[in-house]
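Step one of this worksheet: look at the structure below.
This structure is a prediction, so every number in the text was calculated from the model and none was measured. Lettering follows sequence order; numbering is per chain, from 1.
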Amino acid sequence: MKQLRSLRGMVDLLPEQTCCWQATEEIARNHFLKAGFHEIRTPLIEVTDLFARGIGEATDVVGKEMYSFLDKGDRSCTLRPEGTASVVRAVLQNGLLNKGPQRLWYGGPMFRYERPQAGRQRQFHQIGVEYIGAGNARSDAEVISLAWRLLYELGLDNLVLELNTLGSSEDREVYKSKLVSWLEAHVEEIDEESRNRVNTNPLRILDTKNTQTQAILKKAPSLMDSISDESRQRFVEVQELLEALEIPFKLNPRLVRGLDYYNHTAFEITSSQLGAQGTVCGGGRYDGLIEQLGGPPTPSIGWAIGMERLMLLLGMYAEINPKGNAGRLKKSVSPDLYLINRGLKADKFALLLAHKLRAEGLIVELDNSGASFGKQFKRADRSGSFWALIIGDEEVAQNKVKLKSMKTSSPQQDQNNSEHLYDLTDIRGLINQINHKDSTNL
RNA sequence: GCGGGCGUCGCCAAGUGGUUAAGGCAGCGGCUUGUGGCGCCGCUAUUCGGGGGUUCGAAUCCCCUCGCUCGCCCCA
């Protein structure tokens, strides 16, 4: 039979990776907690219309990347391609705004039907925050610094924060029509892909990688010149706050986020080490979205970090500097104790003892093989465990167990020094010794 | 959806038309059923992603197909 495989772009996370993911997630969780952000969990599947209305019909995400299907009741459903729309829906549905502004974070898998490449999968993971009901420049600075500091805390210090403003929704509309009429006059000069976008998503043309089009665009009306004084003043304030927070940034007037709902502040945190997909974190303000989804006018801002890209970076940092923050995350856990046992009675003793020691909080790996002592010692060694605990017929007969350090330099020679018998009625004494790894001479 | 690169064991690979498809790592077993790092010995691909063709003969050449990968588009 042919070997079954995961679907294209869907990858398994194996035990050697999950330890690093868990460590990273824990740091993020604590980071959010300290800042007063609380977790929200929403379904992976939503009504297609939520994304169509929220993200925008003209975007690639909605236009060609959604995993959509009809359920048995003929409802059009979609696997979430991003988190913001779902969070906003949940906030509205549960009336959370009645309790005031919401500081929320979320994490989990997202789905986009695209060709996989480095740093891109069809099922990928994001962690993100949404600060809903917050409109002033201070909230922009707070949310951006939350991302920046988290990445810094994880050990990533070579990242670049790129910043731009899209102006208010009105500014954006005004600029959009100016840009479109300019583009229509210059349609012959720009590349074909950009031409196709004139009527669907003109702002994105500013971000084209086509160098010829870029050169021509230099003469186009600039977004900065079109936005209102009020919006400009707001942007200046955000920059001043970031400077006060000692967060370096680079202005990038071509940074135009892809999803329709963004206005005012837009930002990305990027790395040059990730290949073509350099954005680790992307976000911005979306003051119009809540209204668009049927809620009251509610200014909001948020971001999302791509977990796979983050892990890629952490892996690279860990290699360069194993002792740095990123390096520490990679460490896998080995058991405190490897329980060697042989013989029918020893078998039951070992099982019971393992349970007791685990109840005391120890990580206990129980050998189930019934193989020779030699084999079991070999496995104990490989497990990375500091201690081996031996239960055989001799021990059972005496109601004792033998504890042995596996970290001695020469295995057999100091057998007598590295082994010690413990009475089974004295579990506390045993546990105390196990927790004192430093004093190897028993 | 469109380009480029690549598919030989769990991993890294040699082999580029001639009888048995190197080697290394890992794994398993033994020397060793009461003591682990080392050592030695043995085992582990009837088959080279799959299908078809050329040939006396194919992992090697041709065609198709599937998969992986990198890039474009776009994003996290």
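Here V61(A) lies out of heavy-atom contact (under 4.0 Å) with every strand. Across all strands shown, K375(A) has heavy atoms under 4.0 Å from sugar-phosphate atoms exclusively, and none from any base. Among the heavy atoms of the strands, none lies under 4.0 Å from E308(A). Backbone-only engagement by R5(A) is indicated by non-hydrogen atom pairs under 4.0 Å involving sugar-phosphate atoms exclusively. Residue E394(A) is classed as a base contact, given a heavy-atom separation below 4.0 Å to a base. Across all strands shown, R382(A) has heavy atoms under 4.0 Å from sugar-phosphate atoms exclusively, and none from any base. Contacts of G282(A) with the nucleic acid, taken as non-hydrogen atoms under 4.0 Å apart, involve only primed sugar atoms and P, OP1 or OP2. Here I390(A) lies in heavy-atom contact (under 4.0 Å) with a base. Among the atoms of the strands shown, only primed sugar atoms or phosphate atoms (P, OP1, OP2) are found under 4.0 Å from some heavy atom of A304(A). Within 4.0 Å (heavy atoms only), E114(A) reaches at least one base atom of the nucleic acid. Backbone-only engagement by D60(A) is indicated by non-hydrogen atom pairs under 4.0 Å involving sugar-phosphate atoms exclusively. Looking at heavy-atom distances under 4.0 Å, G119(A) makes contact with a base.
Comparing C2(B), U35(B), G34(B) against the side chain of D393(A) picks out G34(B) as the nearest. Side-chain atoms of E395(A) lie closest to G34(B) of the nucleotides U69(B), G34(B), A76(B). Of all nucleotides listed (A76(B), C70(B), C73(B)), C73(B) comes nearest to the side chain of Q277(A).
Taking atom P in both G24(B) and A14(B), the straight-line distance is 15 Å, to the nearest Å. When the P atom is used for both A21(B) and U44(B), the distance is 12 Å, rounded to whole Å. Comparing the P positions of G15(B) and C6(B) gives an interatomic distance of 15 Å, to the nearest angstrom. A22(B) sits 14 Å from A59(B) when the C1' atoms are compared, rounded to a whole Å. Between C73(B) and G17(B), the distance separating the two C1' atoms is 43 Å to the nearest Å. Taking the P atom of each, C25(B) and A13(B) are spaced 15 Å apart, rounded to whole Å.
Seen from the ring of F377(A), K404(A) counts as a face-on cation partner, given the 6.0 Å and 45° thresholds.
You'll find the ring centres of W105(A) and F32(A) inside the 6.0 Å limit.
For F267(A) and A76(B), the CZ to P distance is 11 Å, given to the nearest whole Å. Distance L274(A) CG to U69(B) P: 16 Å, rounded to the nearest Å. One can place NZ of K345(A) at 18 Å from C1' of G34(B), the figure rounded to the nearest angstrom. One interatomic measurement links the two molecules: CZ of R379(A) to C1' of U32(B), which rounds to 14 Å at whole-angstrom precision. Protein atom CD1 of I269(A) is 13 Å distant from nucleotide atom P of A76(B), rounded to whole Å. If you take CD of Q121(A) and P of G71(B), they are 13 Å apart, rounded to a whole angstrom. If you measure from atom CG of L159(A) to atom P of A76(B), you get 16 Å, rounded to the nearest angstrom. Nucleotide C73(B) holds its P atom 10 Å from the NZ atom of K64(A), rounded to whole Å.
In this structure, Q117(A) does not reach the C70(B) phosphate: none of its side-chain N or O atoms is under 4.0 Å from OP1 or OP2. The side chain of R8(A) places an N or O atom within less than 4.0 Å of a non-bridging phosphate oxygen (OP1 or OP2) of C68(B).
U44(B) is unpaired under the Watson-Crick or G-U wobble criterion, no partner having all donor-acceptor distances under 3.5 Å. The pairing partner recorded for C11(B) is G24(B), the criterion being a Watson-Crick or G-U wobble arrangement whose two distances lie under 3.5 angstrom. Using Watson-Crick or G-U wobble geometry with both donor-acceptor distances under 3.5 Å, C2(B) finds its partner in G71(B).
Using a 4.5 Å heavy-atom threshold, the side chains of I305(A) and I269(A) count as separate.
In this structure, F373(A) forms no aromatic stack with the base of U35(B), since the conditions of centre separation below 5.5 Å and plane angle below 30° are not both met.
Between V61(A) and P81(A), the shortest heavy-atom distance links the atoms CG1-CB, 3.7 Å. Between G284(A) and I301(A), the closest heavy-atom pair is O-CG1, 3.4 Å.
For residues 116-130 of chain A, the salt bridge (charged side-chain N to carboxylate O under 4.0 Å, His left out) pairs, not counting sequence neighbours, are E114(A)-R120(A).
Side-chain contact annotation: R309(A) with S271(A), donor-acceptor N/O pair under 3.5 Å absent. Side-chain N/O atoms of H420(A) and Q433(A) include no donor and acceptor closer than 3.5 Å.
Checked by distance alone, K404(A) brings a side-chain donor or acceptor within 3.5 Å of a matching partner on the base of U35(B). Taking only distance into account, the side chain of Q376(A) never meets the base of G34(B) through a donor-acceptor pair shorter than 3.5 Å. For a distance-only test at 3.5 Å, the side chain of K378(A) fails to qualify as a donor-acceptor partner of the base of U32(B).
Nearest-nucleotide positions on RNA chain B place S6(A) closer to the 5' end than the other of E268(A) and S6(A). For the pair P116(A) and H125(A), nearest-nucleotide mapping onto RNA chain B gives the more 5' position to P116(A).
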